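Below is a structure I'd like to ask you about.
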Amino acid sequence: QMDKATLLACVVNQVKELKRKATETTRLQATAPIPSEANEITVHCYTAAGDNQTTYIRATVSCDDRPGLFVGLAGAFRGLGLRVLRTETASLGGRASHLFVLCKEDGDVGAGLRAMEGAVRQAMAEVAFPEMVCGGSSWSKRERILECCPVMYSV
């Protein structure tokens, strides 16, 4: 037979252990997104309650991994006047998954959330899926590269 104080101490320790495990599991799931097999982009814009001055954006992309992809995405966001607050990246089997939390602080933005979502989605698509911007998928990889990056030769 245990006294009440010992039993209560055991229960408190068990609850603390369960909380620690739940926090650890949630943290691992949030920081280790597994890239999907399909190319996809999601963008969600929102403003903080009572703050019509700042737009927050959560943007994700899953695509083929390649050198310069992250830098290209960050440059596209800078071109839109967005600041990166947080990013999470995972790469597996030649696929990459990037999650960005962005913000834009410039006046009344409540009315332009849909336009901002579209601009972020377009900028990400141009960087992550250049084959869709530069031509059809029926072209060979060499033809797509030459179409996207024309080279001038002088004689």
Side-chain angles (χ1 to χ4, degrees), residues 1-134 137 141 144-145 148-149:
Q1 292 271 0
M2 283 203 266
D3 64 335
K4 289 181 182 180
T6 306
L7 179 62
L8 186 57
C10 288
V11 170
V12 169
N13 287 337
Q14 182 67 22
V15 169
K16 285 180 181 178
E17 180 65 18
L18 290 172
K19 280 185 178 180
R20 186 190 63 75
K21 285 181 180 180
T23 302
E24 184 177 326
T25 302
T26 303
R27 184 183 57 81
L28 289 174
Q29 289 174 348
T31 59
I34 296 176
S36 68
E37 290 295 317
N39 290 339
E40 59 188 11
I41 291 176
T42 61
V43 179
H44 300 287
C45 294
Y46 54 94
T47 58
D51 179 12
N52 243 5
Q53 303 297 314
T54 305
T55 301
Y56 295 96
I57 301 155
R58 178 182 161 94
T60 62
V61 61
S62 187
C63 61
D64 289 333
D65 197 7
R66 66 176 191 287
L69 175 63
F70 184 83
V71 173
L73 290 168
F77 298 142
R78 273 193 309 277
L80 293 172
L82 300 172
R83 185 168 50 104
V84 177
L85 299 177
R86 182 173 62 112
T87 182
E88 297 175 11
T89 302
S91 181
L92 179 66
R95 300 284 297 166
S97 177
H98 297 282
L99 173 131
F100 295 91
V101 177
L102 312 157
C103 81
K104 184 170 183 81
E105 303 165 331
D106 66 349
D108 186 18
V109 292
L113 290 181
R114 242 196 234 298
M116 180 57 66
E117 280 184 8
V120 171
R121 186 173 276 110
Q122 179 64 31
M124 291 175 74
E126 288 174 4
V127 174
F129 315 125
E131 64 276 1
M132 293 180 178
V133 176
C134 297
S137 58
K141 186 174 183 177
R144 287 194 311 262
I145 291 171
C148 288
C149 309

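In this chain, numbering begins with 1 at the start of the sequence shown. Values in this document were obtained by computation on a predicted structure and should not be read as measured data.
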For this session: Determine the minimum heavy-atom distance between Cys45 and Thr55, stating which atoms define it.
Result: CB-CG2, 4.2 Å

For this session: Give, for atom OG1 of Thr42 and atom CD of Glu117, the distance between the pair rounded to the nearest 0.5 Å.
Result: 10.0 Å

Seminar exercise, completed: For Ala128 and Leu69 the tightest heavy-atom approach is CA-CD1, 4.0 Å

Report all side-chain donor-acceptor pairs from residues 6-13 shorter than 3.5 Å, counting only partners two or more places apart or in another chain.
unit_1: Thr6; atom_1: OG1; unit_2: Asp3; atom_2: OD1; d: 2.4
unit_1: Asn13; atom_1: ND2; unit_2: Ala9; atom_2: O; d: 3.4

Problem set entry | Residues that Arg66 engages under salt bridge (Lys or Arg N to Asp or Glu O under 4.0 Å), provided they are two or more places apart | none

For this session: State the CZ-CG distance between Arg78 and Leu102, to the nearest 0.5 angstrom.
Result: 11.5 Å

For this session: May I have all residue pairs that pass ring pair (Phe, Tyr, Trp, His ring centres under 6.0 Å) and include part of residues 75-94, sequence neighbours excluded?
Result: Phe77-Phe100

Problem set entry | Whether over 12 other heavy atoms sit under 6.0 Å from Glu17 CD | yes

Exercise. If you measure from CD on Glu40 to OG on Ser62, what distance do you get to the nearest 0.5 Å?
Worked result: 5.5 Å

Problem set entry | Exercise: identify the closest heavy-atom pair between Val120 and Ile57 | CG2-CD1, 4.2 Å

Exercise. Is there a side-chain contact between Leu99 and Arg86, using heavy atoms and a 4.5 Å cut-off?
Worked result: yes

Exercise. Taking all atoms of both residues into account, what is the closest heavy-atom pair of Ala123 and Leu80, and its distance?
Worked result: CB-CD1, 4.0 Å

Seminar exercise, completed: Heavy-atom closest pair (Cys63 atom, Phe129 atom, distance to 0.1 Å) is CB-CE2, 3.4 Å

Exercise. Does CZ in Arg95 sit with more than 12 non-hydrogen atoms of other residues, nucleotides or ligands closer than 6.0 Å?
Worked result: yes

Exercise. In Å, rounded to the nearest 0.5 Å, how long is the span from CZ of Arg58 to CG of Leu85?
Worked result: 12.5 Å

For this session: Please report the closest heavy-atom contact between Asp64 and Asn39, naming both atoms and the distance.
Result: N-OD1, 4.1 Å

Problem set entry | Close side-chain approach of Leu82 to Met116, heavy-atom, < 4.5 Å | yes

